[in-house]
> 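Structure in C-alpha cells, see below.
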Amino acid sequence: MEQKRNVWTRLPVVILTAVFCCTLWGSASPAIKIGYKLFEVAADDTASRILFAGIRFTIAGVMVIIAGSLLAHRFLKPKKSSAGCIAALAATQTVLQYIFFYMALAHISGVRGSILNAANTFFAIFLAVAVFHFEKLNAQKVIGAIIGFSGVVLIVSGGSLSALAGGFTLQGEGAMLLAAFVSALAGCLIKLFSAREDPVTLSGWQFFFGGLVMTAIGLAFGGRLVWSSAACLPLILYMGFISAGAYTLWGILLKYNPVSTVSTLGFVNPIMGVLLSALFLNESGEAFRASSVAALALVSLGIFIVNFHWEKRDEKTKISD
C-alpha cells in the first residue's frame, strides 16, 4: 500500500516523466548540431568535438552528483572498491560512446542519427543474452529486434534495395551504430555493477571523470570552442542537464515501478529525436519522408515489443491510477 501512495507510482506521473526524459534525450542530437554552429566546430575538427563533449559531461557529472546527494540526503562519495567500475563506465558510456556519437552528428542529420541510435536497444538484447547471460532469448525479443533492425536498415538504405543507397559512411552512419553498440555495452555493465554498487553514484562520477578525460584529450590535441554568442553558456548547461536530468528522473521511475513498464516507454525516445530535429534543425523534409516515417515506426515498434511485459503484473508492483 505504501508504494501505491507514492506519487512516482501513479500512471500519469510515470508516463509524463518518461516522456519528459525521452524528450531530453531526443533533444541531444539537435542540441549538439546547434552547438557545432554556436561554438564554430568544423565537421573535421575532431579535437574540438571531443572538447565540446568533455565539457558537457563534466557538467553533467557535477549535476548528477549534486542531485543524487540531495535525494539521498548524503554526499555521493564513491567507495575505493568502485574505482574500477567507474573507470570502465567512464571509458564506455562517456568517452567511447560520445566520441563516436559526436563524430556521427558532424556528418549526418539529426533525424538519421536519432533513428540509428535507437539500435542500442537491439544491441543490448544480443549482449545481455550472448555475452553477459542476464536473460534468455525468446520469440518476443527476436521479433522485436527483427522489426527494429529493419527500421535501421530502411533509414540507411533510403528504401532502396541497395544497402548503400542512403549514403552510408563510416564517419556518419557507421560511427552512430558504433555509438549505439557501446551504449548497449555500457548499459549491461551498469546492470552488472549495480548488483553491488549504487548506480547513481557510479553514473555521476563516471560522467565527471569521463568528461574530464575528454576535455583533457580535446585540449591536448588543440581543440577550441569559440564562445560566439550569449547563447553558448545556456546551451552547454542545458546539454549537461540532458544527461543529468534524464538519468536521475529515469532512475527514480525504475526505483518505484516495474522495469518493464518504464523501459517500454523508451519507444518515445527516437520519436522525440526525429520531431525535435525537424523542428530545430529544419529537417522536416527528411523527417516526414515516407522512408523515414516507416523506419521510425519500425524502430519504435521494435523497442516497444522488446520491452513490453505481457504477463499480469504482481499486485505489489502494479502502478496505481
> Check whether any side-chain N or O of Trp25 sits under 3.5 Å from a backbone N or O of Gly266 as a donor-acceptor pair, and report yes or no.
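No; zero donor-acceptor contacts below 3.5 Å.
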> So, for Tyr98 and Phe101, is the gap between ring centers shorter than 6.0 Å?
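Yes.
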> How close do Val306 and Ala145 get, heavy atom to heavy atom, and via which atoms?
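Shortest heavy-atom separation between Val306 and Ala145 comes out as CG2-N, 3.8 Å.
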> Identify every side-chain donor-acceptor pair in residues 206-228 under 3.5 Å, counting partners at least two apart or on other chains, and give the distances.
{"residue": "Gln206", "atom": "OE1", "partner": "Thr94", "partner atom": "OG1", "Å": "2.7"}
{"residue": "Gln206", "atom": "NE2", "partner": "Gln93", "partner atom": "OE1", "Å": "2.6"}
{"residue": "Thr215", "atom": "OG1", "partner": "Gly54", "partner atom": "O", "Å": "3.4"}
{"residue": "Thr215", "atom": "OG1", "partner": "Ile55", "partner atom": "N", "Å": "3.4"}
{"residue": "Thr215", "atom": "OG1", "partner": "Gly211", "partner atom": "O", "Å": "2.8"}
{"residue": "Ser228", "atom": "OG", "partner": "Leu38", "partner atom": "O", "Å": "2.4"}

> Could you give me the CA-CA distance, side-chain angles and deciding distance for Ile59 and Phe241, then say whether side chain to side chain contact (heavy atoms under 4.5 Å, CB included) is met?
CA-CA 8 Å; Ile59 293 171; Phe241 177 70; over 6 Å; no
> Would a distance-only check, ignoring hydrogens and angles, find a side-chain to backbone donor-acceptor pair under 3.5 Å from Ser292 to Glu286?
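Yes, Ser292 side chain to Glu286 backbone: donor-acceptor pair under 3.5 Å.
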> Run Cys85 and Arg196 through side chain to side chain contact (heavy atoms under 4.5 Å, CB included) and show every step you take.
CA-CA 10 Å; Cys85 299; Arg196 62 180 188 275; 3.6 Å; yes
> Looking only at non-hydrogen atoms, find the nearest pair between Ser69 and Phe75 and report the distance.
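Answer, listing the atom of Ser69 first, then Phe75: OG-CA, 3.5 Å.
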> Which atom names give the shortest non-hydrogen contact between Ala106 and Arg49, and what distance separates them?
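Reported closest heavy-atom pair: CB-CD, 3.9 Å.
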> Under a 4.0 Å N-O cut-off, is there an ion pair linking Glu197 with Lys79?
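Answer for the salt bridge query: yes.
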> Indicate, with yes or no, if Val142 and Val299 share a hydrophobic cluster defined by side-chain heavy-atom contacts under 4.5 Å among Ile, Leu, Val, Met, Phe, Trp and Tyr.
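Yes, Val299 connects to Val142 through the hydrophobic network.
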> Please give me the minimum heavy-atom distance between Ala104 and Gly172, naming the atom from each residue.
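Shortest heavy-atom separation between Ala104 and Gly172 comes out as CB-O, 3.3 Å.
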> With distance as the sole test, does Asp45 use its side chain to make a donor-acceptor pair with the main-chain N or O of Val41 at under 3.5 Å?
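Flag not set: sc Asp45 to bb Val41 has no pair under 3.5 Å.
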> Please report the closest heavy-atom contact between Tyr247 and Val200, naming both atoms and the distance.
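Between these two residues, the closest heavy atoms are OH-N, 3.8 Å.
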> Examine Arg56 relative to Tyr102 and say whether NZ or CZ is less than 6.0 Å from the centre of the six-membered ring and inside a 45° cone about the ring axis.
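No.
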> Counting N and O atoms only, with roles assigned by atom type, does the side chain of Arg112 sit under 3.5 Å from a partner on the main chain of Val156, one being a donor and the other an acceptor?
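Judged by distance alone, yes, a pair lies under 3.5 Å.
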> Please report the C-alpha distance between Leu24 and Trp250 in whole Å, then the side-chain angles of each, then the deciding distance to 0.1 Å, and finally whether the side chain to side chain contact (heavy atoms under 4.5 Å, CB included) criterion is met.
CA-CA 11 Å; Leu24 286 176; Trp250 198 263; over 6 Å; no
> Hydrophobic clusters here meaning ILVMFWY residues chained together by side-chain heavy-atom distances under 4.5 Å, can you tell me if Leu178 and Phe123 are in one?
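Not linked; separate clusters.
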> Think Lys191 forms a cation-pi with Phe134, using NZ or CZ under 6.0 Å from the six-ring centre and within 45 degrees of its axis?
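Yes.
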> Quick check on Tyr238: does its OH atom have over 12 non-hydrogen neighbours (other residues, nucleotides or ligands) under 6.0 Å away?
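Correct, the count exceeds 12.
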> Would you say the side-chain atoms of Asn120 pair up with the backbone N or O of Asn117, donor to acceptor, closer than 3.5 Å?
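The answer is yes, because a donor-acceptor pair under 3.5 Å joins these two groups.
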> Could you pull out the closest heavy-atom pair between Thr23 and Met272, with the gap in Å?
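What the structure gives for the nearest pair is OG1-CE, 3.5 Å.
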> More than 12 heavy atoms of other residues, nucleotides or ligands under 6.0 Å from CZ of Phe149: is that the case?
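Enclosed: over 12 neighbouring heavy atoms sit under 6.0 Å from CZ of Phe149.
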> Has Asn257 got a side-chain atom pairing as donor or acceptor with Trp8's backbone, closer than 3.5 angstrom?
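The answer is yes, because a donor-acceptor pair under 3.5 Å joins these two groups.
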> Tell me whether Ile242 shares a hydrophobic cluster with Val182, the cluster being built from Ile, Leu, Val, Met, Phe, Trp, Tyr side chains joined at under 4.5 Å.
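Looking at the clustering, Val182 is in a separate group from Ile242.
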